[in-house]
Novice: 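One structure follows; several queries about it will come next.
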Amino acid sequence: MSQTLSAELQGTGVSVHAVCPGTFATNFHAAQGLDASAIPRMTADDFVTGTLRGLELGEVVIGQVGQQSCSPRERR
């Protein structure tokens, strides 16, 4: 939906971005007695850095898409 809306608004000066965080490194699972070591997690700081970079690049969807987590990475 965000991608379609972004395309419809192209050239109007309005931009659309969907920010979809994945799983963060917290003590939530440990507090529940669960082992989350196999789950890819990121820090909130890393996610914010990746999100800001995605905004700079004009990405429409930033973050987790489907089963793939788009963790902050070096974007070109």
Side-chain angles (χ1 to χ4, degrees):
M1 182 173 170
S2 299
Q3 292 169 324
T4 301
L5 185 57
S6 178
E8 289 178 9
L9 293 172
Q10 193 169 15
T12 67
V14 176
S15 60
V16 175
H17 305 276
V19 179
C20 310
T23 306
F24 288 96
T26 66
N27 67 345
F28 175 81
H29 293 93
Q32 303 299 315
L34 303 172
D35 177 14
S37 61
I39 300 171
R41 296 173 289 161
M42 67 184 89
T43 67
D45 287 344
D46 286 342
F47 186 74
V48 169
T49 299
T51 298
L52 293 175
R53 182 69 179 133
L55 292 172
E56 288 174 0
L57 295 173
E59 294 178 356
V60 175
V61 178
I62 304 165
Q64 187 170 335
V65 180
Q67 297 300 316
Q68 238 178 2
S69 177
C70 302
S71 60
R73 61 191 181 282
E74 190 62 31
R75 300 172 193 212
R76 296 181 195 141

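For this chain, numbers begin at 1 and follow the sequence in order.
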Novice: Which heavy-atom pair separates Glu59 from His17 by the least distance, and what is that distance?
Specialist: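 In this case the closest contact between Glu59 and His17 is O-ND1, 2.7 Å.
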Novice: Does Leu9 have any side chain to side chain contact (heavy atoms under 4.5 Å, CB included) partners at least two apart in sequence or in another chain, and if so, which?
Specialist: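 Partners of Leu9 by the side chain to side chain contact (heavy atoms under 4.5 Å, CB included) criterion, ordered by chain and then number, come out as Leu5, Thr12, Val14, Val16.
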Novice: Could you check Thr51, Leu52, Asp45 and say which one makes a side-chain contact (heavy atoms from CB on, under 4.5 Å) with Val48?
Specialist: Leu52
Novice: Do the side-chain N and O atoms of Ser37 and Asp35 include a donor-acceptor pair separated by under 3.5 angstrom?
Specialist: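 Judged by distance alone, the side chains do pair up.
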Novice: List in chain and number order the residues that pass ring pair (Phe, Tyr, Trp, His ring centres under 6.0 Å) with Phe24, two or more places apart in sequence or in another chain; answer none if no residue qualifies.
Specialist: Phe47
